[in-house]
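Here is the structure we will look at, set down as structure tokens.
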Amino acid sequence: MATIDLTSETFEETISGDGIVLVDYWADWCGPCKRFAPVYEAASEKHDDVVFGKVDTEAEPAIAQTANITSIPTLMAFRDGILVFAQPGALPATALDEIIGKVRELDMDEVRRKVAEEAGK
């Protein structure tokens, strides 16, 4: 699956669905973003069970602001609509594959329990 551009119209629906959704926050002027783009695109071809979205922070500043993006590139991973990973910085392919593997291995019942506990505090 190739990467998809996320907009204010498609963002919420995309990240709140079932399964794994990765989101790459980037900008055209960002050198590290340009270096990470081919790694991200290659991973999207390799992991066809994962949705790979991209948010152009210049074109979609409201999404970046809502997500508290202060540094780009930033990668976020959502699983079943829950944010489970967020980290700024370009990643090598092996690290991206490792993150995808760890997100796949999550016990989502345990994650939902912890989210509910945090919400109750």
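Residues meeting the side-chain hydrogen bond (donor to acceptor under 3.5 Å, both in side chains) test with Glu9, sequence neighbours left out: Thr7. For Glu110, the side chain to side chain contact (heavy atoms under 4.5 Å, CB included) partners two or more places apart in sequence, or in a different chain, are Asp107, Arg113, Lys114. Residues forming a side-chain hydrogen bond (donor to acceptor under 3.5 Å, both in side chains) with Asp28 (at least two apart in sequence, or on another chain): none. In this view, Tyr40 and Phe36, Phe52 satisfy the ring pair (Phe, Tyr, Trp, His ring centres under 6.0 Å) rule, not counting sequence neighbours.
Proximity of Ile20 to His47: side-chain heavy atoms (C-beta onward) are nowhere separated by under 4.5 Å. Counting only heavy atoms from C-beta outward, the side chains of Leu91 and Val39 never approach each other to under 4.5 Å. Using a 4.5 Å heavy-atom cutoff, the side chains of Ile99 and Phe85 are in contact.
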Side chain to side chain contact (heavy atoms under 4.5 Å, CB included) between Trp26 and Val55, intermediate numbers included: CA-CA 6 Å; Trp26 66 282; Val55 174; 5.5 Å; no
Leu96/Leu75 under side chain to side chain contact (heavy atoms under 4.5 Å, CB included): CA gap, chis, key distance, verdict: CA-CA 9 Å; Leu96 182 55; Leu75 179 69; 3.7 Å; yes
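Under the 4.5 Å side-chain heavy-atom criterion for grouping Ile, Leu, Val, Met, Phe, Trp and Tyr, Val51 is connected to Ile63 within one hydrophobic cluster. At a threshold of 4.5 Å between side-chain heavy atoms, the hydrophobic network of Ile, Leu, Val, Met, Phe, Trp and Tyr places Val21 and Tyr25 in one connected group.
Of all the heavy atoms in Pro73 and Ala90, the pair that sits closest is CG-N, 3.6 Å. Between Val23 and Leu6 the shortest heavy-atom distance is CG2-CD1, 4.0 Å. Pairing each heavy atom of Met76 with each of Ala86, the nearest pair is CG-CB, 3.9 Å.
Each salt bridge (Lys or Arg N to Asp or Glu O under 4.0 Å) pair with one or both residues in residues 85-95, not counting sequence neighbours, would appear here, but there are none. Here disulfide (SG to SG under 2.5 Å) pairs that include residues 52-83, with residues two or more places apart or in two chains, number zero. For residues 77-93, the set of pairs meeting the salt bridge (Lys or Arg N to Asp or Glu O under 4.0 Å) definition, not counting sequence neighbours, comprises Asp80-Arg112. Note on residues 38-108: no pairs pass disulfide (SG to SG under 2.5 Å), not counting sequence neighbours. Residue pairs meeting the side chain to side chain donor-acceptor pair (under 3.5 Å) criterion with at least one partner in residues 53-64, sequence neighbours excluded, are Asp24-Lys54, Trp29-Glu58. Sorted by first and then second residue, the salt bridge (Lys or Arg N to Asp or Glu O under 4.0 Å) pairs with a member in residues 81-91 form an empty list; sequence neighbours excluded. Identified under the salt bridge (Lys or Arg N to Asp or Glu O under 4.0 Å) test for residues 89-102, with sequence neighbours left out: Lys46-Asp97. Among residue pairs with one or both ends in residues 13-72, those qualifying as disulfide (SG to SG under 2.5 Å) are Cys30-Cys33; sequence neighbours excluded.
Atom CD of Gln87 sits in a crowded spot, with more than 12 heavy atoms from other residues, nucleotides or ligands closer than 6.0 Å.
Here the CD1 atom belonging to Ile100 is positioned 9.0 Å from the OG atom belonging to Ser44, to the nearest 0.5 angstrom.
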